[in-house]
Novice: 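Handing you this structure, nothing more for now.
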Amino acid sequence: MNFSKTLENVKAYEAGKPIELVVRDFGIDESKIVKLASNENPYGVSPKVKDVLRGYVDKAYMYPDDSFYELKELLAKKYNLTSKNVVIGAGSDQVIEFCIHVKAKDKKVLVANTTFAMYEIYAKVFGAEVIKTKDDMHNLEQFLEMYHEHKPDIIFLCLPNNPLGECLDKKDVFEFISKIDSDTLVVVDGAYQEYASFKDSAKKIDPKELIDTFPNAIYLGTFSKAFALGGMRVGYGLADENIIKTLHKVRPPFNITTLSLKSAITALGDEEFVNYSIEQNFIEMKRYEEFAKANGFNFIDSYTNFITLLFENTKFDSTVIADELLKRGVIIRNLKSYGLNAIRVTIGSKVQNDRFFEEFETLIK
Ligand SMILES: *Cc1c(COP(=O)(O)O)cnc(C)c1O
C-alpha cells in the first residue's frame, strides 16, 4: 500500500525500553529491574495524588471537562497569566505537534543538532524541512546564522536540553529572541525548567515575562517530569492569546483523560513533593559526577533529572555498555543513534543509583 510521501523519511520515536520488555526478553524478575531511561521522577506518584485518584476512579466513565477549566485556571494563577494563555496537551509532546501543525506544515523548522527527537518527527510528519545547527549543544550564534540563512517558521529551544542536559542562560535566550522576527514562532521547551531554575537562577525562564516580551514565543511545560505524572500524559503551552486560540483549532476533543486531569490539578497543589524530588535529584546527581571522575570519563554538567556520560577517548563503547547493563536489568539510554559514544542516565532514587554504580563497576572490571 502507498502512504503519504511525507512519511517516507520519518523514523518512529524510540522510547526508553519498558520494564515489561526486559522481563520478557531477559527473564529478569520485575523487582530487580531499574529503569533509568525515560527521565521519570523516581519518587513516584505523590501520596496526595494517589489518595485523590483512589476516590476518583468511578468517574472514569465520564469524559473530562473539555474546557479543562480548573486546570487552566490553576496554571494561569501559578504563572500570573489568564486561562486564555493556556492550552492543554496529552503531554507537552502533543503541544509540540499543535505548534508545528499550525505554523510549519510544509515549511521549515530549526533545532539544535542533538535535541528532543519529537521536534524532528512532528516536523517531518507535517512535511516540514528540518534544519539543524552544527553543534550538538545549543549554540545561539549558530541558531542566529541559520535563522538568517533559512528563515525558519519555528525555532525550538530546549531549556534544559534533552538528551544532553545543558541549559542556556535566560539573558542570552531573551537577547536571541529579540533578534527574531515576529512571524517566527519560538518554542521554549521547559520540560525540565523546575530542575534548572533550582540549580541556577540564571537559567530560570518566567513564562509570563517570556510571552509578555515576545508575542511570538510559546512556553511548554509538562507534568511528566518533576510532577511525576509521566503515565498520565498532561502537558501545557503558555502563550499570547492569539497563538493559543489557533492551537485550539487543531486540538482533538477530550485530549487528556478524566483521571489525568484530576491528577494534574492535585499535583499542582503538592509543591512539597516536587521540591523534595528536585532536591534529592541534585544530591544524587553529585554521586554520578564523582563516579564519572573516579572511572576516568567525562560528563555534561546537567541542569535536569538525568546526566549524560561521555565515553569519547575512553576504552568504553556506549552500545556495549547499554546492552550489558540491560542484561543485568539496568535500563539506560544509549546515545549512539545521535552519533555520540555516550549514555544518558536518569537520576534515580538512592537505591536505584546504587544498583547502577554496582552493575557498571562489575561491567568495566
Ligand atoms: C519529556 C519531555 C517532553 C514532554 O513529555 P510529555 O510526557 O509529552 O509531556 C517535552 N520535551 C522534552 C525535552 C522532554 O524531555
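First listed ligand is number 1; within each ligand, the first listed atom is number 1. Any value given below was found using the heavy atoms of this structure, including those in side chains, with hydrogens, waters and symmetry copies removed. Residue numbers start at 1 and run along the sequence shown.
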Novice: Please say which of Leu21, Leu326, Leu36 ends up in a side-chain contact (heavy atoms from CB on, under 4.5 Å) with Ile331.
Specialist: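 That would be Leu326.
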Novice: Report the nearest protein non-hydrogen atom to atom 11 (N) of ligand 1: residue, atom name, distance rounded to 0.1 Å.
Specialist: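 The closest one turns out to be Asp189 OD2, 2.6 Å.
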Novice: Tell me: protein heavy atom nearest atom 4 (C) of ligand 1, and distance?
Specialist: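 Nearest protein contact, heavy atoms only, for atom 4 (C) of ligand 1 is Ser92 OG, 3.0 Å.
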Novice: Kindly assign one of parallel, tilted or perpendicular to the pair Tyr219 and Tyr79, based on the angle between their ring planes and the thresholds 30° and 60°.
Specialist: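 Correct class here is tilted.
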Novice: With no hydrogens and no angle check, just 3.5 Å: does a side-chain donor-acceptor pair link Ser182 and Asn216?
Specialist: no
Novice: Can you name the nearest heavy-atom pair linking Gln193 to Pro160, along with the distance?
Specialist: N-CD, 3.9 Å
Novice: Evaluating non-hydrogen atoms only, which member of Tyr192, Phe156, Tyr119, Phe116 is closest to atom 15 (O) of ligand 1?
Specialist: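 Heavy atom nearest to atom 15 (O) of ligand 1 belongs to Tyr192.
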Novice: Atoms of ligand 1 less than 4.0 Å from Asn162 heavy atoms?
Specialist: 13 (C), 14 (C), 15 (O)
Novice: State whether the number of non-hydrogen atoms from other residues, nucleotides or ligands found under 6.0 Å of Tyr13 atom OH is greater than 12.
Specialist: yes
Novice: Which residue holds the protein heavy atom closest to atom 9 (O) of ligand 1, what is that atom called, and what is the gap in Å?
Specialist: Thr222 OG1, 2.5 Å
Novice: If you measure every N or O of Asn39 against every N or O of ligand 1, does any of those distances drop under 3.5 Å?
Specialist: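 No, no N or O pair falls under 3.5 Å.
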Novice: Taking the six-membered ring for Trp, is the centroid-to-centroid distance between Tyr147 and Phe176 below 6.0 Å?
Specialist: no
Novice: Considering only heavy atoms, does Lys225 approach ligand 1 within less than 4.0 Å through its side chain, its backbone, both, or neither?
Specialist: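 The answer is the side chain of Lys225.
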Novice: Does Ala191 reach ligand 1, in the sense of a heavy atom lying below 4.0 Å from it?
Specialist: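 Right, Ala191 reaches ligand 1.
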Novice: Going through the distances and angles, do Val34 and Phe356 end up as a side chain to side chain contact (heavy atoms under 4.5 Å, CB included)?
Specialist: CA-CA 8 Å; Val34 172; Phe356 171 86; 5.9 Å; no
Novice: Would you verify whether the NZ or CZ of Lys203 falls within 45 degrees of the ring axis of Tyr303 while also being under 6.0 Å from that six-membered ring's centre?
Specialist: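 Yes, Lys203 sits over the ring of Tyr303.
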Novice: With backbone taken as N, CA, C and O and side chain as the heavy atoms from C-beta onward, which portion of Asp93 lies under 4.0 Å from ligand 1: side chain, backbone, both, or neither?
Specialist: both
Novice: What is the closest protein heavy atom to atom 8 (O) of ligand 1, and at what distance does it sit?
Specialist: Arg233 NH2, 2.8 Å
Novice: If we set the cut-off at 4.0 Å for heavy atoms, which region of Ser224 has an atom near ligand 1: side chain, backbone, both, or neither?
Specialist: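 The part of Ser224 near ligand 1 is the side chain, not the backbone.
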Novice: Number the atoms of ligand 1 from 1 as they appear, then name those within less than 4.0 Å of a heavy atom of Cys158, with their elements.
Specialist: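 In order of number, 13 (C).
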